[in-house]
Amino acid sequence: MRKPKASTAAKKRWAATKDEKGSSKSPEDLPKQSTKATSKGKRVKAPPKPKQEPEFFPEKRNLEDLWQAAFPVGTEWENMDKLQEINWNFSNLENAFEEGGELYGKKVYMFGSTEPQLLVLNGEQKVILIPIVVAVVSPIPPSDKIGIKSVQRENEEIIPMKAMKMAWVPYVPLEDRQSQVDRLHTQIYTLGCTQRRSALKLLKTERVKQYDYCLPYFQPLKADDDEEDTVVNIMYPLEPPIVCDFDWDLDDLEEFTTELIKEEALPEDQKDAFKDYVKEQVRERKKAQKQSREARRKAIEDMDPQTKAAFENMRFYKFYPVQTPDTPDISQVKVPYINRYYGKAHVVM
């Protein structure tokens with residue numbers, strides 16, 4: 001078989017090669033070699049990717065979410081999200097648990113609440129819900145009950161916490177959350193609520209409203225000012241309702257009613273009905289005070305010495321958010337009052 005003839009270009013390359021190197025290779029042997037050489041191009045390197053700057057996140061503080069763990073008792077469900085609209089800072093609460101702080105090494109039970117105040121935020125005056133945290137220093141839980149009472153509700157209820165899906169639960173600091181909870185010896189308990197917001201639509205309106213009127217209950221050994229108060233809150237059912245306070249020690253009911261008529265707040269034909277309503281409110285208030293005194297007397301009698309000593313030595317700390325450039329000025333609205341059951345805090349932070 002005859003060999004295929006080499007191309008003219010191949011012959012010329014052979015001739016040039018022979019002249020330069022004296023090679024005796026025939027043109028028939030060159031195509032394979034030359035083709036391989038010309039088909040392979042240079043590899044182009046891709047430009048190096050720009051280096052990305054590492055992204056840094058601020059390190060979370062060990063007790064950063066402590067104030068949020070304390071359920072804001074008595075806050076309307078629709079207002080819960082408003083607490084997250086402002087970057088509240090409770091570093092004062094965190095510092096209280098550090099060495100040298102007011103709560104360091106102590107057993108503490110905490111609950112949250114909110115106080116509406118007219119404040120200036122971003123140059124605009126508006127009603128803002130201020131979150132507060134109450135810390136109770138005590139070797140035992142201050143109570144396992146919840147009080148339900150408001151101006152709109154005629155009767156006061158004292159019910160177990162579990163009836164409102166509430167309970168004291170241990171708080172685990174961030175650095176310990178990878179550990180087994182049952183092995184931790186925690187000193188901090190917060191009032192938690194397991195009621196799911198998504199399930200509220202399945203509840204009756206009256207049941208949902210109960211949460212709005214909840215107050216952490218406490219039965220002190222000594223009577224507070226409210227128990228001996230001679231003032232009743234009046235909300236007489238008219239359109240609009242008559243809302244006022246009546247002091248059965250200082251106010252004369254006849255004069256009080258006549259004055260309301262003169263001010264055109266009360267129609268003349270409602271005079272007798274209004275007086276009967278006020279008398280009924282006074283009777284209910286006196287009855288409630290008597291029951292409270294009796295309940296206190298019985299509670300003290302049934303207490304063992306250790307429990308009685310714990311109640312006598314309980315201390316209440318009320319924490320407000322600290323001032324930051326992102327938060328409204330609350331320095332003029334801080335008060336020691338907690339609620340009708342706890343009375344006033346020993347310390348306001």
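Just the heavy atoms: all of them, side chains too, but no hydrogens, waters or symmetry mates, feed the values below. If you're wondering where the values come from, they're calculated on a predicted model, not measured in any experiment.
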Could you state whether [X] and [Y] fall into the same hydrophobic cluster, counting links through intermediate Ile, Leu, Val, Met, Phe, Trp or Tyr residues with side-chain heavy atoms under 4.5 angstrom apart?
X	Y	value
Phe256	Leu238	yes
Trp168	Phe316	yes
Tyr236	Leu260	yes
Val243	Val231	no
Val169	Phe71	no

Does [X] use its side chain to pair, donor to acceptor, with the backbone of [Y] at less than 3.5 Å?
X	Y	value
Tyr217	Met161	no
Lys162	Asp144	no
Gln323	Thr327	yes
Lys318	Tyr337	yes
Thr114	Leu129	no
Ser138	Ile140	yes
Trp248	Lys279	no
Asp304	Thr307	yes

Looking at every heavy atom in both [X] and [Y], which two are closest together, and how far apart are they?
X	Y	result
Gly147	Ile158	CA-CD1, 3.8 Å
Tyr341	Pro216	CD1-O, 3.5 Å
Tyr104	Glu98	CB-O, 3.2 Å
Pro141	Met314	O-CE, 4.3 Å
Ala310	Pro139	CB-CG, 3.7 Å
Asp251	Asp245	OD2-O, 4.3 Å

pair [X]-[Y]: side-chain heavy atoms closer than 4.5 Å:
X	Y	answer
Pro328	Gln117	no
Ser113	Asn339	no
Ile338	Ile132	no
Lys286	Lys290	no
Trp67	Met110	no
Pro321	Ile330	yes
Lys271	Thr258	yes
Phe274	Ile234	yes

- Would you confirm whether the ring centroid of Phe319 sits within less than 6.0 angstrom of the ring centroid of Phe90?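 Not close enough - the centres of the two rings lie 6.0 Å or further apart.
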Using a strict cut-off of less than 4.0 Å between a Lys/Arg side-chain nitrogen and an Asp/Glu carboxylate oxygen, indicate whether [X] and [Y] qualify as a salt bridge.
X	Y	value
Glu294	Arg297	yes
Glu301	Lys298	no
Glu157	Lys145	no

- Message: If you apply the rule side-chain contact (heavy atoms from CB on, under 4.5 Å), what do you find for Leu103 with Val137, and how did you get there?
- Response: CA-CA 8 Å; Leu103 306 179; Val137 176; 3.6 Å; yes
- Message: Under the criterion side-chain contact (heavy atoms from CB on, under 4.5 Å), I'd like the reasoning laid out for Leu66 against Thr190: C-alpha separation, chi angles, the key distance, then a yes or no.
- Response: CA-CA 9 Å; Leu66 176 56; Thr190 60; 4.3 Å; yes
- Message: Could you tell me if Glu115 and Tyr320 have a donor-acceptor pair between their side chains, going purely by distance under 3.5 Å?
- Response: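 Yes - a donor-acceptor pair under 3.5 Å links their side chains.
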Measuring from [X]:[atom1] to [Y]:[atom2], what's the distance to the nearest 0.5 Å?
X	Y	atom1	atom2	result
Gln68	Trp88	CD	CH2	12.5 Å
Leu83	Ile130	CG	CD1	11.0 Å
Arg285	Arg283	CZ	CZ	15.5 Å
Lys126	Leu119	NZ	CG	10.5 Å
Ile242	Glu239	CD1	CD	11.5 Å
Met166	Ile159	CE	CD1	8.5 Å

- Check against side-chain contact (heavy atoms from CB on, under 4.5 Å), Asp65 and Tyr171: CA-CA 10 Å; Asp65 63 350; Tyr171 172 79; 2.7 Å; yes
Can you confirm whether more than 12 heavy atoms, excluding those of [X], are under 6.0 Å from its [atom1] atom?
X	atom1	answer
Lys82	NZ	no
Lys334	NZ	yes
Lys308	NZ	no
Glu99	CD	no

- Message: With ring pair (Phe, Tyr, Trp, His ring centres under 6.0 Å) as the test, pick out the partner of Tyr342 among Phe111, Tyr109, Tyr317.
- Response: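 Result: among Phe111, Tyr109, Tyr317, Phe111 is the only option passing the ring pair (Phe, Tyr, Trp, His ring centres under 6.0 Å) with Tyr342.
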- Message: Checking Leu253 against Phe246 for the side-chain contact (heavy atoms from CB on, under 4.5 Å) test, could you report, in this order, the C-alpha distance in whole Å, the side-chain angles of both residues, the deciding distance, and whether it holds?
- Response: CA-CA 8 Å; Leu253 182 55; Phe246 177 79; 4.0 Å; yes
- Message: Quick one, Thr324 with Asp326, criterion side-chain hydrogen bond (donor to acceptor under 3.5 Å, both in side chains). Give me CA distance, side-chain angles, the key distance, then yes/no.
- Response: CA-CA 5 Å; Thr324 70; Asp326 299 330; 4.8 Å; no
